[in-house]
Amino acid sequence: MRFEFLTLALAAVASASTLTPPVLPLIVRNPYLSTWLNGARKAPWEDWPMFWTGAHVGFSVMASVPGAGKVYPLLGRPHDSLSQSNPAYKISFPEYLGATFDASTTNLTYLIPGSAKGESVRLTLSFLSPITPSSTFRQSLPAAYLTVLVEGRFDVDIYSDVNGEWVSGNRGNQIKWELHHQKAKSTGDQTESPPAAGIKTWKVSRSTEQLLTEWADRAEWGTLHFSAPADIHHQCGTSAILRNYFAEKGSLKNEVDTVFRDIMRDEPVFAFAKSFKLGGDLKSGSSTNEDSVVFTFALVQDPVVQFASARGLTLMKPLWAAYFESAEELISYHYDDFKTAAYLARNYSDSLARDAYESGSVDYQDIAALSARQVLGATQFSGTPDNPILFLKEISSNGNFQTVDVIFPAFPFFLYTNPKWLAYLLEPLLEHQLSGQYPNDYSMHDLGSHFPNATGHSDGRDEYMPVEECGNMLIMGLALANSLRYDTEPAFVSAGAGVDAKPLAAAKRWQGFVESHGIDLGREVGVSTGAKAAEKWLTRSYRLWKQWTGYLVRESLIPHNQLCTDDFAGWLANQTNLALKGIIGIKAMSEIADIVGQKDDAKKYRDISKSYIDKWQEYGISRDRTHAKLAYTWYGSWTTIYNLYADSLLCFHVSDSSKGASRQRGAGWFGQKPIQLDEETFVPDKVYQMQSDWYHAVLQRYGLPLDSRHLYTKSDWEFFAAAVTSKKTRTEMLDAIATWVNETTTDRPLTDLYDTEGTGGFPGPNFFARPVVGGHFAFLALERACGGKAVEALKFLDELPPAKVNVEEALLADVPDSLWITEL
């Protein structure tokens, strides 16, 4: 491994992070391979790493300096197993320089002191869970990297171990293990260096696996593969024995304990140790010596889920199984692919950092980076290269499978990162409902009550959100079609594999879908233009689009008592924001019909949606026209109408007039004569301006409350709302959210539901690690919509500063006189 490459890979994140979230991702690939840094504002040795639920994960790293008699905990609490009175060593703590992160990487950096004054080794634990938009194959691998990098003038030893908590949520379960040796295969390319010695891998699993079963949200099937170079030391056995031996000797015995037992009975751990010889002669021109070692972690499961597909209940294999005949092939390829994976991940991270900075600020750059791994950490790739499928777990809130109103807030991430992945997410929902397995005429809420079992709802009794889910599916369907029509794929989607890429043998089997190094090929075979691709995709499910629109025509203008996606807030009739989603869904159907050539349908739904949006303004806007009400008949209330975002994202606000002369605020509502009318847009400018001003007026310390009932908020909807406000309001909202990230007392992976005052904590229910933080990419997705014209059409919002609104007076003014009389 060339240290120079690793140094360059780290440079991108060395000074990138300004926010200090309470938890950071370490190894996050899917709902079951999900390890996080607990208490990220503290030293990493003050607590164990954790699973996304908050439960501890047995994972530790230590360092020692030969001859110094000191051992340094770096990650986890291995020092709890060490003796306080052993004369051979003393427990010491390094200087912790802090954490940095980008979209794929988290770095923890330390200084290990030497015997001479001022002498130290700089040590970095670099965790890479690569996001690779141009390589769906690599994104599907259930594996991640830990690179230990050292730089200094004296020798240092490194130790790392894992325990059985990686393969079961029940500490009382028995596990089994083995050490597997795998020799390196020569590729015939000897231009750089001879083939390495190969790798060795700890393989750990439950003694009796329970297929497609969870315990406390952890998988009870699958095998952990913990790999390292074949020439370093290994040992498995009781945790205290191994850790004390390393503290004394700086090495391990290359022994394997053969007594299988429960996870915490004489806690068996699986360890590697590496000695870095930094005390030798310096390279020419260098003041220090440098070295590194790479470890990999993989959780291999086959099948990954069961799915009620068109052909019936099916055990679904992982996508990677189409490329490799065995888990061993997967592990070997993944280990050798580090340079390519790191190169592709950096390409995405750099692009995201640049785009987010230009879109918002350094803080937005960090928020987007922090959100990316969390989104994909809820997903599992399946299918085959010619028909990929992406499954999703509704993490922490209830575990539902493929929840439509969880995909919806996450979908800006997919539009920005790789729109095809959104198609893979929608595919199982469309296939299942096209097959006739769901009896209702509205869109289903989810594919199954709990991941990993997508057994459907043949009784039609899934969670009742009919307007919500119909609107979501239609909006996402058109958004995906538009991404094909407007050809707005980010540049990094076409990133090549780089010079160090290893050929993928199975690529020959999937010609037309991946090239020889596992990089996605551009467009579908046989589809020459984006417009044709959009038409083809929409036509297949046209019956569903039309069926769901029919429901919205009947039910969306005045929604009856039902839930919206914010189900924690309870049932409510006449919801203003929900009605808007349904009406935009009808408008979306008019565009869908137009794309597939159904001109009569297109006109019909365009006329209905235009009629409905006019009535919606009459019903849902306060009497003084300063804000949207929570519900049509809830006077003196207000709400965040985050569904307005879809109007802009779907290009309904793009028109010739939106690029012409400026408009006056509130034209037509406050007696001002408009400079020009905006009849060609769907939702009028005045609604955008009204809400932008209102959000400015009601903003709290940590963000914009969801509505007038509570001070809690949803961060995904904050970004949806902020994306269609003035730059000033948007900046204020972004600053408030960044302050929350730095100060919140929540102690789990990034929550999307929090209090905007107080300590910024959980309001109950406690949501965390959910993929809905993909909504944080709302700015970035909007900037790519409509060939770049969507954002341009909102420039009128920046022509004047936010209007001054007296919130109390505005709410009181909305209450009809008859209600005051009744109250008196």
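Index from 1, following the sequence.
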Between [X] and [Y], is there a donor-acceptor pair closer than 3.5 Å when you use the side chain of the first and the backbone of the second?
X	Y	result
Asn244	Ala240	yes
Ser104	Leu128	no
Arg206	Gly164	no
Trp45	Tyr72	no
Thr379	Leu376	yes
Gln235	Lys253	yes
Tyr96	Leu108	no
Tyr335	Val294	yes
Glu328	Gln182	no
Ser396	Phe768	yes

Parallel, tilted or perpendicular: ring planes of Phe324 versus Phe137, cut at 30 and 60 degrees: tilted
Geometric class of the His234/Trp202 ring pair [parallel <30°, tilted 30-60°, perpendicular >60°]: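 Perpendicular, since the angle between the ring planes exceeds 60°.
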Which distance, rounded to the nearest 0.5 Å, do you find between the [atom1] of [X] and the [atom2] of [Y]?
X	Y	atom1	atom2	result
Met50	Leu26	CE	CG	9.5 Å
Ile158	Ser64	CD1	OG	8.0 Å
Ser251	Phe246	OG	CZ	8.5 Å
His334	Lys502	NE2	NZ	12.0 Å
Ser60	Arg77	OG	CZ	12.0 Å

Within 6.0 angstrom of Arg261 CZ, more than 12 heavy atoms from elsewhere: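 Count over threshold, so yes.
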Flag if over 12 foreign heavy atoms under 6.0 Å of NZ, Lys90: no
Of all heavy-atom pairs between [X] and [Y], which one has the smallest distance, and what is that distance?
X	Y	result
Pro31	Phe451	CG-CE2, 4.2 Å
Gly152	Val121	CA-CG2, 4.1 Å
Val305	Pro452	CB-O, 3.2 Å
Phe272	Phe226	CE1-O, 3.4 Å
Ile199	Ser332	CD1-CA, 4.2 Å
Pro130	Ala341	CB-O, 3.8 Å

Any chance the side chains of [X] and [Y] put a donor and an acceptor closer than 3.5 Å?
X	Y	result
Trp215	Thr213	no
Gln301	Asn30	no
Thr201	Ser227	yes
Ser129	Arg373	no
Thr340	Asp500	no

Passing candidate, ring-ring contact (aromatic ring centres under 6.0 Å, His included) with Tyr32, options Trp52, Trp221, Trp166: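 With Tyr32 as partner, Trp52, Trp221, Trp166 yield a single ring-ring contact (aromatic ring centres under 6.0 Å, His included), made by Trp221.
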Asp217 vs Thr53, side-chain hydrogen bond (donor to acceptor under 3.5 Å, both in side chains): CA-CA, chis, key distance, verdict: CA-CA 8 Å; Asp217 283 296; Thr53 60; over 6 Å; no
With a 4.5 Å limit on heavy-atom distance, are the side chains of [X] and [Y] in contact?
X	Y	result
Val148	Lys274	no
Pro44	Tyr110	yes
Leu123	Pro94	no
Asp262	Asn173	no
His225	His180	no
Pro22	Thr744	yes
Gln374	Trp36	yes

Glu119 bridged to Arg153 by N-O distance under 4.0 Å: no
Stepwise side-chain hydrogen bond (donor to acceptor under 3.5 Å, both in side chains) test for Asp161 and Tyr159: CA-CA 7 Å; Asp161 69 31; Tyr159 167 98; 2.5 Å; yes
For Ser207, side-chain contact (heavy atoms from CB on, under 4.5 Å) partners two or more places apart: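 side-chain contact (heavy atoms from CB on, under 4.5 Å) list for Ser207, sorted by chain: Gln174, Lys176.
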With sequence neighbours excluded, residues passing side-chain contact (heavy atoms from CB on, under 4.5 Å) with Ala230: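 Here the qualifying residues are Ala197.
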Verdict with reasoning, Arg122 to Thr109, per side chain to side chain contact (heavy atoms under 4.5 Å, CB included): CA-CA 7 Å; Arg122 184 183 181 93; Thr109 304; 3.7 Å; yes
Audit row: Phe59, Trp48, ring-ring contact (aromatic ring centres under 6.0 Å, His included) steps and yes/no: CA-CA 7 Å; Phe59 179 24; Trp48 289 102; 9.2 Å; no
